[in-house]
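Computed from a prediction, not measured in an experiment: that's the story for all the values here. Chain letters run A, B, ... following the sequence lines, proteins first and then strands; every chain starts at 1.
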Number of protein chains: 2
Amino acid sequence: MSAGSRLPDDVEPDTCAAFRDALDRVGSKWGIAIIAAATESPIRFAELHRSIPGISRRMLTLTLRTLERDGLITRTVHPTVPPQVEYTATPLAEELFASTRALSDWAENNHEKVAAARAAYDDNEAARAR
Amino acid sequence: MSAGSRLPDDVEPDTCAAFRDALDRVGSKWGIAIIAAATESPIRFAELHRSIPGISRRMLTLTLRTLERDGLITRTVHPTVPPQVEYTATPLAEELFASTRALSDWAENNHEKVAAARAAYDDNEAARAR
DNA sequence: CCGTATCCCCGACGATACTG
DNA sequence: CAGTATCGTCGGGGATACGG
């Protein structure tokens, strides 16, 4: 975009800014799990709560609200007794979820390499401490 | 892996666990920016500090250590006076960075949709409050 | 030039109890 | 069933100052 600069090349701020932006949408502790659970079939609050181990009702509510606000989740209230509420991931969320795959795959494929690097690093540290 | 269950289909925990795992590596505030700045050419501490606006020396050091520990950044000390240290992203980090692209692209392409969704939601909220 | 050491703040998250 | 209210914790990250 810019003409050449003399510096060794500046960082592209746009790319990593966009990444941070994505994280603001889906980087929270439960965001992705909720979207994953709500893709392709509507799911009720209690089901959601059951299918995501460890989440509290509070965080479920909060995260759902954020996702809804960002247009990633649709909330449908059926005025029955007892009340019934269904959540569905929007197409936007499904695209987002798909874009997540590359990163997940990387993590899955390279988890061991990272673990090995850590072990080596920590070993070195321990040795240095002696 | 498991035989079929009767439930409406449980979430795949592996996928989103892997995503969370990736975030543990590169989800910190400055992680990606540092990797981006250190790809394809070694870069010195001070240069890094200059090319990433807003980062403190403290966070630069801390994040670099984590990345180094995970095998994503290589640290090379040249024993000169004054001291000179160069950081380079490893091939592993470059793969990781590449896997980041899909998400960044999504954010760039859909930023406006999200903004619109927010505006609509907040409008609704404001109306409901009256 | 390349970091470390301290102190502090704030927002994400969890636990628990209550409500329509 | 589907939330809300309140309180407390914990750690990431910023400001500042010092050291090799």
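Looking at heavy atoms from C-beta onward, B/L103 lies in side-chain contact with A/L96 at the 4.5 angstrom threshold. Contact of the B/L48 side chain with the B/I55 side chain is not registered, since no non-hydrogen atoms from C-beta on lie closer than 4.5 Å. Counting heavy atoms from C-beta on, the side chains of B/F19 and B/L23 come closer than 4.5 Å. In this structure, the side chains of A/T61 and A/R65 come closer than 4.5 Å at one or more pairs of heavy atoms. Side-chain contact between A/T66 and A/S28: absent, with no pair of heavy atoms (C-beta onward) separated by less than 4.5 Å. Annotation: side chain of B/I43 is not in contact with side chain of B/E86 (no heavy-atom distance under 4.5 Å).
Cluster annotation: B/Y87 and A/Y121 are assigned to distinct hydrophobic clusters (Ile/Leu/Val/Met/Phe/Trp/Tyr, side-chain heavy-atom contacts under 4.5 Å, transitive).
Rounded to whole Å, the distance from CZ on B/R44 to P on C/dG3 is 10 Å. When the P atom of C/dG3 is taken as reference, atom NE2 of B/H49 falls 12 Å away, rounded to whole Å. Whole-Å rounding puts the B/L62 CG to C/dT6 P distance at 14 Å. At whole-Å resolution of the value, OH in B/Y87 and C1' in C/dC2 are 8 Å apart.
Checking side-chain atoms of A/R128 against main-chain N and O of A/D123 turns up no donor-acceptor pair under 3.5 Å. Looking only at distances, no side-chain donor or acceptor of A/R50 sits under 3.5 Å from a matching main-chain atom of A/F45.
Residue B/R57 places no side-chain N or O under 4.0 Å from the OP1 or OP2 atom of C/dC1.
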Contact list (N/O, under 3.5 angstrom) for nucleotides 14-16 of chain C vs protein:
from, atom 1, to, atom 2, distance (Å)
C/dG14, OP1, A/K29, NZ, 2.8
C/dG14, OP2, A/W30, NE1, 3.2
C/dG14, N7, A/R58, NE, 3.4
C/dG14, O6, A/R58, NE, 3.3
C/dG14, O6, A/R58, NH2, 3.4

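Within residues 66-84 of chain A, the residues approached by DNA chain C to less than 4.0 Å at the level of any non-hydrogen atom are A/P83, in residue-number order.
At most 12 heavy atoms of other shown residues, nucleotides or ligands fall within 6.0 angstrom of atom CD in A/E112.
Read 5' to 3', the first and last nucleotides of DNA chain D with an atom closer than 4.0 Å to a heavy atom of chain A are D/dC1 to D/dT6.
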Test side chain to side chain contact (heavy atoms under 4.5 Å, CB included) applied to B/D21 and A/E108, step by step: CA-CA 8 Å; B/D21 197 57; A/E108 232 166 290; over 6 Å; no
